[in-house]
2 protein chains.
Amino acid sequence: MNLAELKSVCGACGIRELCLPAGLSDEEVHLLDQHVAHRQSVRKGDYLYRMGDPFRSLFAVSHGFFKTVLVHEDGRGQVTGFQMMGELLGLEAIHSERQVCDAIALEDSAVCTISFEQFEELGHLMGNLQHRFNQDLSREIAREHSLMMLLGTMRSEERLSVFLLDLARRHERRHQSGDAFVLRMTREDIGSYLGIKLETVSRLLSRLHDEGVLDVHGRHIRILDRQALAHRGQDSA
Amino acid sequence: MNLAELKSVCGACGIRELCLPAGLSDEEVHLLDQHVAHRQSVRKGDYLYRMGDPFRSLFAVSHGFFKTVLVHEDGRGQVTGFQMMGELLGLEAIHSERQVCDAIALEDSAVCTISFEQFEELGHLMGNLQHRFNQDLSREIAREHSLMMLLGTMRSEERLSVFLLDLARRHERRHQSGDAFVLRMTREDIGSYLGIKLETVSRLLSRLHDEGVLDVHGRHIRILDRQALAHRGQDSA
DNA sequence: TTTGCCAGTTGATCTGGGTCAGAATGTCGC
DNA sequence: GCGACATTCTGACCCAGATCAACTGGCAAA
């Protein structure tokens, strides 16, 4: 890879339309490229950042898979999200000088790092970029509203169904099969995210398997009946 | 009130430092004032906006009290937040053309309306304003992470305690007593927000009253023992 | 190959909070 | 002030999911 290629990371990136540059013109992407992005790899199990680290940059997942965990002072933790390629990490820390949660790679991954200071300057030059970014932040707020609804009103089977369908949708956006995919996280991570215990996750997966809605082999999932999955929990016992 | 006063709403506003203009210079506030804000009153029980309404403006609560409710297609609803004076409404809709939840006044209230299109232009002129706004959005994301933690890991007594202490803190920021205040919302609203049933809210309030932690008379609350309240649920049975 | 260790599954039992019901209290329009 | 309706409180019972526990399988280090 030569210097020119390094200088045009975003422009040549396969997931450009899933990531920050979505909707920007070639020229704008070029500007974004030149000033603010470089790559960094993160090994499975490693922390991209930890609560309390100084906040300087946003990260875009280039490839791989992350989870973010909010750790309470008494040691209890809650998984607040899973991030796939094209998604941003660090949005929740902008208001602070410090990271407010942990970000951990669930497989060998890479991120594009964007100095937030430079990013704000760039947003100032490029109204379009700033507009997209406002939308990204807002979308994250709306996503979390939905999650609050999930945690506040749904029964456990519905929570898991919603989770699996969300994963399917996100895989499809990335031109990967939404019907068959591999879970990158443990049953415990899923449970934490959904506000249920890992045993319950396991039991629910077994049940959906037995009922022919899913094929479950460890972390390999195949969705056999999306309709059935979509209706789980909300009406049926 | 004459025209000059009307033209300088934010500059003269008592809650200026709690609201969007926080941290801006007098000149910047003047610019914000002149271009984009005017007031609108909302009666108790009225909708400020409904899901599906076109999104054009942000709202800042000038005085009064609101709740936002996310309504699921099957009719189930979840209260996603309560907004006091100085707080912004509509952030979750920026990414869309439409409002994604309902905003309802819980008492006679007033809001300052800010065209989002004009606001983005203004942010472009005023990096400082844009920076503050990024922080506001980020703070909202972090707030919702905490709420996910609450909904995902806490027992009901701890949820209610956290809720009351949060209300107390927000009253104090507004130079109102954090020890004695009036709840503007029903037990059902509180329960919806906290992911528990109204009967449980009622029982918990009665228990905290009996144990001398709170004084509860209908919606009038007095916190008698903050320490006890802060430790509820996490260790004790 | 053995050993140890997670991650996951499954069963038995328990319990916090949900559900249902009814009484008490507030609040608002007239 | 009075009637009507909404909100809150309290009790009795129930159940979804937590907890506790035993077991299985896969994989990595020795």
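- Using a 4.0 Å heavy-atom distance criterion, B:Arg159 is classed as making no nucleic acid contact.
- B:Met185 has its CE atom 21 Å from the P atom of D:dA6, to the nearest Å.
- A salt bridge is defined here as a Lys NZ or Arg NE, NH1 or NH2 lying under 4.0 Å from an Asp or Glu carboxylate O, and A:Glu92 with B:Arg139 fails to meet this definition.
- In this structure, the CZ atom of B:Arg155 is 11 Å from the C1' atom of D:dT19, given to the nearest Å.
- Residue A:Ser156 places at least one side-chain N or O under 4.0 Å from the OP1 or OP2 atom of D:dG17.
- If you check every strand for non-hydrogen atoms under 4.0 Å, B:Ser202 touches a base.
- Here the nucleotide nearest the side chain of B:Ser206, chosen from D:dC9, C:dA7, C:dC28, is D:dC9.
- Regarding B:Ile196, its CD1 atom lies at a distance of 13 Å from the P atom of D:dC9, rounded to whole Å.
- Rounded to a whole Å, the CG atom of A:Leu160 is 15 Å from the C1' atom of D:dA16.
- Within 4.0 Å of B:Gly195, counting heavy atoms only, lie sugar-phosphate atoms of the nucleic acid but no base atom.
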Query raised in the report: What's the verdict on side-chain hydrogen bond (donor to acceptor under 3.5 Å, both in side chains) for B:Ser57 and B:Ser115, showing C-alpha distance, side-chain angles and the deciding distance?
Result: CA-CA 4 Å; B:Ser57 307; B:Ser115 150; 5.6 Å; no

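- One interatomic measurement links the two molecules: NE2 of B:His217 to P of C:dG26, which rounds to 9 Å at whole-angstrom precision.
- Aromatic ring orientation, A:His217 versus A:His209: perpendicular (interplanar angle above 60°, classes split at 30° and 60°).
- In A:Glu188, the CD atom is not crowded: 12 or fewer heavy atoms of neighbouring residues, nucleotides or ligands sit closer than 6.0 Å.
- Heavy atoms of B:Leu205 sit nowhere under 4.0 angstrom from any nucleic acid atom.
- Among the heavy atoms of the strands lying under 4.0 Å from B:Arg203 is at least one base atom, whether or not backbone atoms are also near.
- The distance from atom CZ of B:Arg187 to atom P of D:dT8 is 5 Å, rounded to the nearest whole Å.
- Whole-Å rounding puts the B:Lys197 NZ to C:dC20 C1' distance at 13 Å.
- Each of A:Leu208, A:Thr200, A:Ile196, A:Val162 was checked for a side-chain contact (heavy atoms from CB on, under 4.5 Å) with A:Glu157, and the lone residue meeting it is A:Leu208.
- Checking the phosphate oxygens (OP1, OP2) of D:dA18, a side-chain nitrogen or oxygen of A:Thr200 falls inside 4.0 Å.
- Atom CD in B:Glu199 sits about 10 Å away from atom C1' in C:dA21, given to the nearest Å.
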